[in-house]
K.L.:
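Could you have a look at this structure, given as structure tokens, before my questions?
Remember, predicted model here, so these are calculated numbers, not experimental data.
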Amino acid sequence: MSKPVGLSAELSSFSGVAPLFPLPDFVLFPQVTQPLHVFEPRYRSLLSDALAGERLIAVGTLKPHWENLYDTKTAPVWPDLCLGRVIVDKELEDGRSLIVLRGMCRARIRAEKLTKTPYRQVELDLKLDEYPGTPEIARANRRAELLEGLLSVTPETEAAREATESALRDLPLGVLADLIASSIKLPTETLVELIRETNVDLRTDMLLDILRALRQTRAEQAKSRTFPPEFSPN
């Protein structure tokens with residue numbers, strides 16, 4: 001495993017191998033928390049082993065046309081993903097579990113291990129956010145642009161708007177971008193592209209374009225509505 005400089009203390013002793021939990025139409029981002037229901041026997045086994053070890057799970061995203069291979073160890077998964085840590089776990093009486101994962105770090109699958117476990121295991125290279133020494137954007141302006149873009153596609157009261165701005169204002173730019181990406185409904189492959197991009201300047205370029213397109217779409221939809229509505233032909 002490649003351990004990048006600046007890795008958090010929580011991951012400094014990471015073994016380099018993690019169990020893989022592939023999900024359809026879902027991408028976990030760093031610093032984002034996600035509740036999950038673990039009920040399949042193979043993933044109960046995965047969770048048991050993870051809790052007995054590093055409490056780390058690689059949350060992958062299934063590629064299109066995974067359905068017929070879902071029960072196998074060969075269902076196609078995008079190589080770029082997020083390594084998460086189980087921060088809350090509650091086992092139910094019937095053996096199912098409710099957990100909360102916190103995204104820890106971007107990662108890329110280097111290789112898949114051949115194992116006898118019922119679940120898949122992968123070797124990972126961890127990927128930190130990159131801030132080019134010579135900025136490709138005006139980062140202070142980009143923060144304001146992203147916040148304004150988020151607020152433009154999430155109608156809120158003025159009080160909620162102020163609370164959102166206050167909560168997000170001091171976050172690192174890369175973290176801000178990830179929180180925004182995880183909070184709006186986007187196509188799965190767009191989310192995969194965002195988790196793949198470690199250059200924060202480029203990632204925020206992508207996200208800003210997405211927010212502008214969403215705002216334009218919503219503006220056009222609003223214009224197309226008439227009031228009062230036309231009478232039904234019936």
Side-chain angles (χ1 to χ4, degrees), residues 1 7-62 66 70 75 77-109 117-122 124 126-129 150 154 156 160 163-164 166-168 170-172 174-188 190-192 194-196 198 203 207:
M1 180 200 68
L7 198 63
S8 70
E10 293 176 286
L11 291 177
S12 60
S13 60
F14 173 49
S15 66
V17 175
L20 177 67
F21 194 172
L23 295 169
D25 303 321
F26 175 73
V27 176
L28 180 68
F29 282 87
Q31 307 309 319
V32 173
T33 57
Q34 177 66 36
L36 292 173
H37 175 204
V38 181
F39 56 92
E40 293 185 46
R42 56 178 168 168
Y43 295 131
R44 293 186 196 180
S45 175
L46 180 158
L47 178 61
S48 176
D49 290 348
L51 294 177
E54 299 178 286
R55 299 182 70 89
L56 297 173
I57 297 175
V59 180
T61 305
L62 290 162
W66 52 268
Y70 180 70
V77 176
W78 295 104
D80 297 284
L81 47 72
C82 183
L83 182 64
R85 181 184 295 277
V86 181
I87 58 173
V88 176
D89 62 281
K90 178 178 176 59
E91 185 174 0
L92 305 178
E93 292 182 358
D94 61 3
R96 295 176 297 122
S97 292
L98 303 176
I99 66 172
V100 177
L101 280 176
R102 177 165 68 90
M104 300 293 294
C105 186
R106 281 174 165 76
R108 185 174 178 84
I109 297 174
T117 58
Y119 56 86
R120 299 159 73 174
Q121 298 184 48
V122 287
L124 298 177
L126 301 184
K127 304 290 185 180
L128 293 180
D129 277 352
L150 171 63
T154 53
E156 296 174 323
T164 299
S166 175
L168 301 179
D170 297 326
L171 292 175
V175 175
L176 174 63
D178 288 343
L179 290 177
I180 291 175
S182 68
S183 69
I184 54 180
K185 187 172 180 58
L186 295 174
T188 303
T190 298
L191 294 172
V192 170
L194 290 168
I195 200 69
R196 179 184 300 127
T198 57
R203 188 160 82 239
L207 183 58

K.L.:
Indicate yes or no: at least one non-hydrogen side-chain atom of Asp89 is less than 4.5 angstrom from one of Val38.
P.N.:
no
K.L.:
Just jot down the side chain to side chain donor-acceptor pair (under 3.5 Å) partners of Glu91, sequence neighbours excluded, or say none.
P.N.:
none
K.L.:
Please identify each residue that fulfils side chain to side chain donor-acceptor pair (under 3.5 Å) with Ser182, with sequence neighbours left out.
P.N.:
none
K.L.:
Do you know the tightest heavy-atom contact between Ser183 and Leu150?
P.N.:
OG-CD1, 3.9 Å
K.L.:
Sort out for me which residue in Leu46, Val122, Ile57 forms a side chain to side chain contact (heavy atoms under 4.5 Å, CB included) with Leu20.
P.N.:
Val122
K.L.:
How far apart are the closest heavy atoms of Arg44 and Arg96, and which atoms are they?
P.N.:
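So the two residues come closest at NH2-CG, 3.7 Å.
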K.L.:
Is the backbone N or O of Ile99 less than 3.5 Å from a side-chain atom of Ser97, with the two atoms forming a donor-acceptor pair by type?
P.N.:
no
K.L.:
If you look only at distance, which donor and acceptor atoms sit under 3.5 Å apart when one is on a side chain in residues 24-33 and the other is two or more places apart or in another chain?
P.N.:
from	atom 1	to	atom 2	distance (Å)
Asp25	OD1	Thr188	OG1	3.3

K.L.:
Hey, does Leu23 have a side-chain heavy atom less than 4.5 Å from the side chain of Thr61?
P.N.:
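Contact flag for Thr61/Leu23 side chains = no.
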K.L.:
Is the shortest heavy-atom distance from the side chain of Pro22 to the side chain of Tyr43 under 4.5 Å?
P.N.:
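Contact flag for Pro22/Tyr43 side chains = yes.
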K.L.:
Walk me through it: do Lys127 and Asp80 pass the test side chain to side chain contact (heavy atoms under 4.5 Å, CB included)?
P.N.:
CA-CA 10 Å; Lys127 304 290 185 180; Asp80 297 284; 6.0 Å; no
K.L.:
Leu62 and Ala75: which non-hydrogen atoms are nearest, and at how many Å?
P.N.:
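Heavy atoms of Leu62 and Ala75 come nearest at CD2-CB, 3.7 Å.
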K.L.:
Distance to the ring centre below 6.0 angstrom and angle to the axis at most 45 degrees; does that hold for Arg42 and Tyr70?
P.N.:
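The answer is yes; both the distance and angle limits are met.
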K.L.:
Run the numbers on Asp129 and Arg203 for side chain to side chain contact (heavy atoms under 4.5 Å, CB included), then give the verdict.
P.N.:
CA-CA 10 Å; Asp129 277 352; Arg203 188 160 82 239; 3.1 Å; yes
K.L.:
Of all heavy-atom pairs between Leu101 and Gly84, which one has the smallest distance, and what is that distance?
P.N.:
CD2-C, 4.2 Å
K.L.:
Please examine the side chains of Trp78 and Ile195, heavy atoms only from C-beta on, and report whether any two atoms are closer than 4.5 Å.
P.N.:
no
